[in-house]
Asks: 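Quick one: the structure is below, questions incoming.
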Amino acid sequence: MTKVSFEGQVVAITGAGGGLGRAYALEIAARGGAVVVNDLGGAVTGGGASTGYADAVVDEIRASGGRAVASYDSVATVAGGEQIITAALDHFGRIDAVIANAGNMRYAPFEELTLDDLNALLAVHIGGSWNVAKAAWGHMKRQAYGRLVFTTSSGGMFGTQKLSAYGAAKGGVMGLMHSLADEGQPHGIICNAVMPNAMSRMTSNIQAGELGDNPWGAKVPKTFDPAFTVGLSAYLASRDCVTAHGIYTALGGRIGRAFVGVAEGMHGSIDVPPTVEDVAANWELIRDASRGYAIPGSVSDEWRSVVEGRY
Ligand code: NAI
């Protein structure tokens, strides 16, 4: 097995002052990559700021002989995104990969969440992914090489109670990845997304058992350590990953592709629109994925799969 190396590469990791981002930064630096360790250093909900989070990780990397620089910028602003990439260029001369990992969280029943809560999450998850990807995009296009790893969540993919604002934001990140994957691939920019599941500052605020049925109570298995997601995210950020447009879940030691698919469904007449009764009568057929499904690689892919041969 060839060793996956980041020698000669520069990777910017947002929200890398703790949890998953810290684990990614340490791994990539240990594999020879120079790392921009970005972290605003605020609270889980997003307020406040400090330099301590990013500095501590940079110190850790340097103490082991690695190369890293701290960034305390907020990903939620255009200027913040640009400064993160500028830090990579100023200190290390290039940018090869970005892991857009910074995140905040509001965990409450729908009736308690406000539009301000939603906007705070959209700004960091969607805005943050957008800002940092956009700042790197032109450089990656010019060098015909780039890796963008976005961070979505089962909260956005599958949904669960008390995560409506967070789920909306993470769903948006997925949409961003889908489009950028299609747009970036001809330019050598490979985009993918991860769905981590790890104990971190963010998730430790959630009571054991609240996110669905947690059979372990307070004793969470070690497979929920951020270390169990590192291999996946680092691989997606590496030269070795040449496959775009994927969403990959890391959960309890299992890594697998998660995808958006379309069931074969009901193919009605192309002359007469289906009636409400037609839909009602075929409801099981429309929902049934056991007869096969497609995983469209793009909008036109879905179009082709339905339209080709029928007109
Ligand atoms: P964490 O709270 O330890 O890490 C998130 C980091 O992002 C924090 O250090 C925080 O200071 C930083 N951050 C927040 N707002 C920022 C901003 N505006 N600019 C720059 N940095 C900012 O949590 P964790 O679990 O390591 O989360 C990492 C990512 O993984 C997040 O995007 C989270 O939503 C996502 N995720 C985590 C899951 C888990 O099970 N831990 C599940 C699914 C997704």
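Keep in mind that what you see is a predicted model, and the values were worked out from it rather than measured.
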Asks: Got a second to check how far Ile190's CD1 is from Ser238's OG, nearest 0.5 Å?
Replies: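 One finds 10.5 Å between CD1 of Ile190 and OG of Ser238.
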Asks: Can you confirm whether Val69 sits close enough to Phe92 that some side-chain heavy atom of one is under 4.5 Å from a side-chain heavy atom of the other?
Replies: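 Val69 vs Phe92: side chains touch.
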Asks: Got a second to check how far Leu251's CG is from Phe228's CZ, nearest 0.5 Å?
Replies: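 So the gap between those two atoms works out to 12.0 Å.
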Asks: So, for Ala198 and Leu20, which heavy atoms are closest and what is the spacing to 0.1 Å?
Replies: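 Distance-wise, the nearest heavy atoms are CB-CD2, 3.8 Å.
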Asks: Starting from Leu176, can I reach Val299 by hopping between I/L/V/M/F/W/Y residues whose side chains sit under 4.5 Å apart?
Replies: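 Shared cluster, no.
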Asks: Compare all side-chain heavy atoms of Arg67 with those of Arg62 and state whether any distance is below 4.5 angstrom.
Replies: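 Not touching, per the 4.5 Å side-chain cut-off.
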Asks: With a 4.5 Å limit on heavy-atom distance, are the side chains of Asp55 and Tyr72 in contact?
Replies: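 The answer is yes, as the side chains (C-beta and beyond) meet within the 4.5 Å cut-off.
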Asks: Identify the two heavy atoms, one from Ile126 and one from Ala168, that lie closest to each other, and give their separation to 0.1 Å.
Replies: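 Shortest heavy-atom contact: CD1-O, 4.4 Å.
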Asks: I'd like to check Ile85 versus Val132 (side-chain heavy atoms, cut-off strictly below 4.5 Å). Are they in contact?
Replies: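 The answer is yes; the side chains approach within 4.5 Å.
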Asks: Any side-chain heavy-atom pair from Thr249 and Met157 closer than 4.5 angstrom?
Replies: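 With C-beta onward as the side chain, the pair stays apart.
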Asks: Applying the side chain to side chain contact (heavy atoms under 4.5 Å, CB included) criterion to Thr14, which one of Val124, Ile84, Val36, Ile99 satisfies it?
Replies: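 That would be Ile84; it is the only one of Val124, Ile84, Val36, Ile99 passing the side chain to side chain contact (heavy atoms under 4.5 Å, CB included) with Thr14.
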Asks: At their closest point, which heavy atom of Ile13 faces which heavy atom of Ala16, and how far apart are they?
Replies: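 Answer, listing the atom of Ile13 first, then Ala16: O-CB, 3.5 Å.
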Asks: Check whether any side-chain N or O of Thr160 sits under 3.5 Å from a backbone N or O of Gly155 as a donor-acceptor pair, and report yes or no.
Replies: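 No, Thr160 side chain to Gly155 backbone: no donor-acceptor pair under 3.5 Å.
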Asks: Quick one: closest heavy-atom pair of Ala136 and Val98, and the distance?
Replies: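 Scanning both residues, the minimum pair turns out to be CB-CG2, 3.9 Å.
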Asks: So, does Arg94 use its side chain to make a donor-acceptor pair with the main chain of Val10 at under 3.5 Å?
Replies: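 Absent.
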Asks: Among the clusters formed by ILVMFWY side chains lying less than 4.5 Å apart, do Val57 and Phe6 turn up in the same one?
Replies: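 Per the 4.5 Å side-chain linkage, Val57 and Phe6 are co-clustered.
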Asks: Using modelled atom types and a 3.5 Å cut-off, is there a donor and acceptor pairing between side-chain atoms of Arg291 and backbone atoms of Leu285?
Replies: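 Side chain of Arg291 to backbone of Leu285, a donor-acceptor pair under 3.5 Å: yes, one is there.
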Asks: One pair to check against side-chain hydrogen bond (donor to acceptor under 3.5 Å, both in side chains): Asp73 and Ser71. What are the steps and the verdict?
Replies: CA-CA 6 Å; Asp73 304 293; Ser71 142; 3.0 Å; yes
Asks: Determine, stepwise, if the pair Leu148 / Ile189 fulfils side-chain contact (heavy atoms from CB on, under 4.5 Å).
Replies: CA-CA 7 Å; Leu148 294 176; Ile189 306 173; 4.1 Å; yes
Asks: Treat each ILVMFWY residue as a node, draw an edge where side-chain heavy atoms are under 4.5 Å apart, and state whether Leu163 and Ile247 are in one component.
Replies: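 Not linked; separate clusters.
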Asks: Measuring from atom OH of Tyr293 to atom CD of Glu264, what distance do you get when rounded to the nearest 0.5 angstrom?
Replies: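 CD of Glu264 is found 12.5 Å from OH of Tyr293.
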Asks: So, Asn192 side chain and Thr243 main chain: donor-acceptor pair closer than 3.5 Å or not?
Replies: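 A pair under 3.5 Å: yes.
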Asks: Would you say that Asn197 contacts Phe224 through its side chain, given a criterion of any heavy-atom pair below 4.5 Å between the two side chains?
Replies: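 Heavy-atom side-chain distance check passes, below 4.5 Å.
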Asks: Quick one: does Asp278's side chain have a donor or acceptor within less than 3.5 Å of a partner on Pro274's backbone?
Replies: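 A pair under 3.5 Å: no.
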Asks: Could you walk me through whether Arg106 and Thr114 satisfy the side-chain contact (heavy atoms from CB on, under 4.5 Å) test, starting with their C-alpha distance in whole Å, then the side-chain angles of each, then the deciding distance to 0.1 Å, before giving a yes or no?
Replies: CA-CA 10 Å; Arg106 308 280 162 101; Thr114 64; over 6 Å; no
Asks: Quick one: does any side-chain atom of Asp288 pair with a main-chain N or O of Glu284 as donor and acceptor, under 3.5 Å?
Replies: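 The answer is no, because no donor-acceptor pair under 3.5 Å joins these two groups.
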Asks: List the atom of His125, the atom of Lys170, and the distance in Å for their closest heavy-atom pair.
Replies: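 That closest heavy-atom pairing would be ND1-NZ, 2.9 Å.
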Asks: Establish, yes or no, whether a centroid distance under 6.0 Å links the rings of Tyr248 and Tyr235.
Replies: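 No: the rings miss the under 6.0 Å criterion.
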Asks: Hey, what do you get for CG (Leu118) to CG (Leu113), rounding to the nearest 0.5 Å?
Replies: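 Going from the CG atom of Leu118 to the CG atom of Leu113 covers 8.5 Å.
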Asks: What is the distance from atom CE of Met199 to atom CG of Asp225, rounded to the nearest 0.5 Å?
Replies: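 Going from the CE atom of Met199 to the CG atom of Asp225 covers 10.5 Å.
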Asks: If I compare all heavy atoms of Met195 with all of Ala258, which pair ends up nearest, and what's the gap?
Replies: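 Residues Met195 and Ala258, closest heavy atoms: SD-CB, 3.9 Å.
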Asks: Find the distance between SG (Cys191) and CE (Met140) and round it off to the nearest 0.5 Å.
Replies: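 Those atoms lie 8.5 Å apart.
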Asks: Keeping the roles fixed (side chain from Asn104, backbone from Val44), state whether a donor-acceptor pair exists under 3.5 Å.
Replies: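 It does not hold such a pair.
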Asks: Do Asn101 and Phe150 have side-chain heavy atoms sitting under 4.5 Å apart?
Replies: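 Asn101 does not reach Phe150 side chain to side chain.
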Asks: State whether the side chain of Ser64 and the backbone N or O of Gly66 hold a donor-acceptor pair below 3.5 Å, judged by distance alone.
Replies: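 The answer is no, because no donor-acceptor pair under 3.5 Å joins these two groups.
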Asks: Between the side chain of Arg31 and the main-chain N/O of Val4, is any donor-acceptor distance below 3.5 Å?
Replies: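 Yes: the side chain of Arg31 pairs with the backbone of Val4.
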Asks: Are Ile61 and Ile28 linked, directly or through intermediate hydrophobic residues, by side-chain heavy-atom contacts shorter than 4.5 Å (ILVMFWY only)?
Replies: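 Yes; Ile61 is reachable from Ile28 via cluster members.
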Asks: Would you say that more than 12 heavy atoms from the other residues, nucleotides or ligands in this model lie under 6.0 Å from the CH2 of Trp137, or not?
Replies: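 Yes, enclosed.
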Asks: Is Arg22 reaching over with its side chain to a backbone N or O of Tyr53, donor-acceptor style, under 3.5 angstrom?
Replies: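 Flag not set: sc Arg22 to bb Tyr53 has no pair under 3.5 Å.
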Asks: Ile270 and Trp303: same hydrophobic cluster, using ILVMFWY side-chain contacts below 4.5 Å?
Replies: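 The answer is yes; both residues are in one hydrophobic cluster.
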Asks: Under a 4.5 Å cut-off applied to non-hydrogen side-chain atoms, are Ile95 and Leu89 in contact?
Replies: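 Side-chain contact under 4.5 Å: yes.
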Asks: Kindly determine whether His245 and Met177 satisfy side-chain contact (heavy atoms from CB on, under 4.5 Å), including the steps that lead there.
Replies: CA-CA 7 Å; His245 205 174; Met177 184 282 290; 4.0 Å; yes
Asks: Side chains of Ser179 and Asp182: do they bring a donor and an acceptor to under 3.5 Å?
Replies: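 Ser179 vs Asp182: no donor-acceptor pair found between side chains.
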